[in-house]
Amino acid sequence: MSNVRNITVPWVPLDEFDWSFSRSGPLPWNLTVWSIIAVFTALPIWTTVELTFWVFYTFERWRGAYFYSVLGTTWGVTIHAVGFVLKFCVPEVSWVLSTVLSEIGWVAEVCGFSLVLWSRLHLVIPGHTKLLRWVLAMIIIDEFLIGVPTIVFQFLVSGPATHDKYVPHMEIMERVQIMWFSVQETVISGIYVWGTIQLLKLSLNKKAKTTMAFLIIVQVLVVLADVLVTVLDYLQYYTLKAVLHSFVYAFKLQVEFVVLNEFKHIAKGGITGGNGSLGIGSAGFSIFNNNNVALDMPKTSNCSPAHNNSGVTVVGSAQGSPSSRATGSDTPETHNEHAEQEPDALELQYLGRYGRAV
């Protein structure tokens, strides 16, 4: 027992615990507080392990914006959690190291998850190239405009020599950044919900309608998770917010895989209407048919996996053309002798890209 060291840790009752930026150094002892930290640190770390396996299992092609953003955000969750555990609970660790880890994880979480949302926006608004570019520009500009000052103030507050001087500035910056990035994610989710609603109006597939409505509810849950973190920050429960932050983003990533799986299910059944085209408002548009070819024409070529930038290999459904699905006709095409036919243009360019991974 000669290697055992006795460490004296001050005990603070829960109702007197200081969760704000004013407290510096390692956490005082309180069983409830340390239990909360243990639980909401272990959960995101386990989620990272689980989601890493799922990412490499689900994606046939390990590249693309969606693949890298999901993987980066997944590991950012763990890096952020580990950084704060070292800062709060391990006084022997340099404050520089713990702050570097926590800020790297924070950037990967916040910026990474916005890129996750952006990288699948084209599924519901595939014709709005300019809007997609504006959203990407917003993410990049916000990271430099808000993210960089936040990181600088975090280092100034974490340093023992500059802590007291910059605490008032950090309190303001923290509230600005948490609200700013929450609004950013809400805007991206709002665009996604808007595009999904347009598809709901046009779909004749009842299963697709149910699934798309479920995806809207999922996006609302993502927004509510941001509300929780924002409220804790404005109530000056900074330590609690910092611990829950990784868990919240781990939850969002779990939800993201729900979205991906639902897209794959929709792709197997199709979402097209009677004419196989999409339109918004009275003007309408045919955004999936760049060659002016009727979208409900069956394919005559051999069925083959479709690859795309998202990293998922797709096998088209064999349920016939959009017209036959919409009318309920099961009449086979006489000129196609294959058991499976290639997906129609709408499925291939829209939800077909997230079809069955092989």
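Heavy atoms only: backbone and side chains are in, while hydrogens, waters and symmetry mates are out.
The nearest pair of heavy atoms linking Thr47 to Gln254 is CG2-NE2, 3.6 Å. Between Val243 and Ile36, the shortest heavy-atom distance links the atoms CG1-O, 4.1 Å. Considering every non-hydrogen atom in both Ser246 and Ala81, the closest pair reads OG-N, 3.4 Å. Considering all non-hydrogen atoms of both residues, Pro13 and Asn30 come closest at C-ND2, 3.5 Å. A pairwise comparison of heavy atoms in Gly195 and Ile125 identifies CA-CG2, 4.1 Å as the closest pair. Closest approach of Thr48 to Thr74, counting heavy atoms only: OG1-O, 2.9 Å.
How far CG of Leu101 is from CG of Leu97: 4.5 Å, rounded to the nearest 0.5 Å. Rounding to the nearest 0.5 Å places CD1 of Ile79 at 11.0 Å from CD1 of Ile45. Atom OH of residue Tyr68 and atom OG of residue Ser119 lie 13.5 Å apart, to the nearest 0.5 angstrom. In this structure, the separation between OH on Tyr234 and NZ on Lys241 is 11.5 Å, given to the nearest 0.5 Å. Here CG of Leu145 is found 13.5 Å from CD1 of Ile140. Values are rounded to the nearest 0.5 Å. Note: Ile188 CD1 to Leu132 CG = 10.5 Å, rounded to the nearest 0.5 Å.
With sequence neighbours excluded, no residue satisfies side-chain hydrogen bond (donor to acceptor under 3.5 Å, both in side chains) with Ser98. For Asp226, the side-chain hydrogen bond (donor to acceptor under 3.5 Å, both in side chains) partners at least two apart in sequence or on another chain are Lys252. Phe56 meets the ring pair (Phe, Tyr, Trp, His ring centres under 6.0 Å) test with Trp62, Phe67; sequence neighbours excluded. Applying the ring pair (Phe, Tyr, Trp, His ring centres under 6.0 Å) test to Trp54 and every residue at least two apart in sequence or in another chain returns Tyr57. In this structure Phe40 satisfies the ring pair (Phe, Tyr, Trp, His ring centres under 6.0 Å) test together with Phe247, sequence neighbours excluded. Legend: residues meeting ring pair (Phe, Tyr, Trp, His ring centres under 6.0 Å) with Phe181, ordered by chain and number and at least two apart, are Trp106. Applying the side-chain hydrogen bond (donor to acceptor under 3.5 Å, both in side chains) criterion to Ser114, with sequence neighbours excluded, gives Gln184. Residues satisfying the salt bridge (charged side-chain N to carboxylate O under 4.0 Å, His left out) test with Glu171, not counting sequence neighbours, are none.
The backbone N or O of Trp75 sits nowhere less than 3.5 Å from a side-chain atom of Thr78 that would complete a donor-acceptor pair. Looking at Ser20, its side chain never comes within 3.5 Å of a backbone N or O of Gln236 through a donor-acceptor pair. Without hydrogens or angle criteria, Ser69 side chain to Gly112 main chain gives no donor-acceptor distance under 3.5 Å. Here the side chain of Trp118 pairs no donor or acceptor atom with the backbone of Arg133 at under 3.5 angstrom.
Counting heavy atoms from C-beta on, the side chains of Val33 and Trp19 come closer than 4.5 Å. Side-chain atoms of His245 and Val110, non-hydrogen and from C-beta on, do get closer than 4.5 Å to each other.
Screening residues 130-164 for ring-ring contact (aromatic ring centres under 6.0 Å, His included) gives no qualifying pairs among residues at least two apart or on separate chains. Within the structure, side-chain hydrogen bond (donor to acceptor under 3.5 Å, both in side chains) pairs that include any residue of residues 141-159 comprise Lys87-Ser158, Thr99-Ser158, Asp142-Trp180, Gln154-Tyr238 (at least two apart or interchain). The salt bridge (Lys or Arg N to Asp or Glu O under 4.0 Å) analysis of residues 147-156, with sequence neighbours excluded, yields no pairs.
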Requested in this report: Show the numbers, then the answer: is there a side chain to side chain contact (heavy atoms under 4.5 Å, CB included) between Glu109 and Val77?
Outcome: CA-CA 6 Å; Glu109 282 180 347; Val77 164; 3.9 Å; yes
- [ ] Determine, stepwise, if the pair Phe113 / Val222 fulfils side chain to side chain contact (heavy atoms under 4.5 Å, CB included).
- [x] CA-CA 11 Å; Phe113 190 75; Val222 171; 4.0 Å; yes
- Start with the C-alpha gap between Leu156 and Met170, add the side-chain angles, then the distance that decides, and say whether side chain to side chain contact (heavy atoms under 4.5 Å, CB included) holds. CA-CA 9 Å; Leu156 293 173; Met170 186 61 219; over 6 Å; no
Subject >> From CA spacing to verdict: side chain to side chain contact (heavy atoms under 4.5 Å, CB included), Leu27, Ile37 >> reply: CA-CA 11 Å; Leu27 284 179; Ile37 293 175; 2.9 Å; yes
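Hydrophobic clustering, with ILVMFWY side chains joined whenever heavy atoms are under 4.5 angstrom apart, groups Ile178 together with Val227. A chain of hydrophobic side-chain contacts below 4.5 Å, direct or via other Ile, Leu, Val, Met, Phe, Trp or Tyr residues, connects Val183 to Val107. Linking ILVMFWY side-chain heavy atoms closer than 4.5 Å, directly or via other members, places Phe251 and Val223 in two distinct hydrophobic clusters.
Tyr66 does not carry Arg120 over the face of its six-membered ring by the limits of under 6.0 Å from the centre and within 45° of the normal.
Heavy atoms from other residues, nucleotides or ligands lying under 6.0 Å from CZ of Phe17 number more than 12.
Grouping Ile, Leu, Val, Met, Phe, Trp and Tyr by side-chain contacts under 4.5 Å, direct or through others, puts Phe53 with Trp46, Val49.
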